[in-house]
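Here the structure comes first, spelled out in structure tokens, and everything after it is commentary.
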Amino acid sequence: TEQLKEQFKKLPVLFYPNRDDVLGFLGVHHLSGVRKWNVYERARFIAQLKLKKKMSIEDIQRTIGDKKNSAKKTYVCYCLIGIIEEYDGSFDTRNAKSNFSFLQLATGQGPIRDFIGLPFWQEINSNDLENPIPDNKRENLKFLFECLFDNGNEKKRLIKESRDITGKLSKILEDENATTIFKKDRNIDYAFNMIGGELDGLNNLSGEAQKKLETINGKLSSMDIKTEVSTYKKGKELQKKIVAISSVVRDINRKFENE
């Protein structure tokens, strides 16, 4: 109103006729300026410029002062969430939006991009930004989301922390055998131990088991086992577990003896 404009004359103010005209300022202020949005808010803003303002990615990068050419990557990741929502409407993408950086990190890994059929960033045509992966890879994309994000309150993500994306998940998806095992058992540590072939995987698992058993043996050496077992319920429980472990080890030994 005119009355409000009069009040603003007391301050240095820039007037914009409507929200569309202020988008460029918002981008500079919140994407590369002092009051930055979180990663998903940035992605949503870039999507507004692309879809509502019909701006090209190159124009968006110039408008928001993006000197690292990250707008294209961010927008593609934003579109991947849309693809999942369309492909499987039951998948709750709220966690994907709040942990958007996981998706950015994952799509920066070559084996993961190959798994979902995502080309190198420079190879993605401007006309394919909204649908950058082939239809026959959408099930793989869904599995990637299951790895990275909680699906509602009941279905938890398969990775334990973000470093598992580069340290384990990328390597698993590069190995066909490990990928098959991971899809079946949904245990990232077990699948990771199978990388390089089943024997290598079993060697890795055996090495881990040996270290843990040596740790248990060391702790037992400093305890009065008879007293612990006869006095405490947890001592009896421990004895049962040790007996079960011994049975498994004997069974494994028999397999080697038969060979």
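Atom OH of Tyr232 is surrounded by 12 or fewer heavy atoms from other residues, nucleotides or ligands within 6.0 Å.
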Only distances under 3.5 Å count here; give the side-chain donor-acceptor pairs of residues 144-152 to other protein atoms, sequence neighbours excluded, each with its distance to 0.1 Å.
residue : atom : partner : partner atom : Å
Glu146  : OE1  : Arg186  : NH2          : 3.0
Asp150  : OD1  : Arg157  : N            : 2.9
Asn151  : OD1  : Asp92   : N            : 2.7

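Looking at residues two or more places apart in sequence or on another chain, you find no ring-ring contact (aromatic ring centres under 6.0 Å, His included) involving Phe115. Applying the ring-ring contact (aromatic ring centres under 6.0 Å, His included) test to Phe102 and every residue at least two apart in sequence or in another chain returns nothing. Remark: Gln7 engages no residue in a side chain to side chain donor-acceptor pair (under 3.5 Å) (not counting sequence neighbours). Every residue two or more places apart in sequence or in another chain that forms a side chain to side chain donor-acceptor pair (under 3.5 Å) with Thr93 is listed here: Glu85. Looking at residues two or more places apart in sequence or on another chain, you find no side chain to side chain donor-acceptor pair (under 3.5 Å) involving Gln109. The side chain to side chain donor-acceptor pair (under 3.5 Å) search around Ser222 returns none, not counting sequence neighbours. Under the salt bridge (charged side-chain N to carboxylate O under 4.0 Å, His left out) criterion, Glu6 pairs with Lys9, not counting sequence neighbours.
Contacts classified as ring-ring contact (aromatic ring centres under 6.0 Å, His included) and involving residues 58-84 (residues at least two apart or in different chains) are given here: Tyr40-Tyr78. Note on residues 159-172: pairs passing salt bridge (charged side-chain N to carboxylate O under 4.0 Å, His left out), not counting sequence neighbours, are Lys160-Asp189, Glu161-Arg163, Lys168-Asp189. Under the salt bridge (charged side-chain N to carboxylate O under 4.0 Å, His left out) criterion, the residue pairs touching residues 110-131 are Lys50-Glu130, with sequence neighbours excluded. For residues 234-248, there are no salt bridge (charged side-chain N to carboxylate O under 4.0 Å, His left out) pairs, not counting sequence neighbours.
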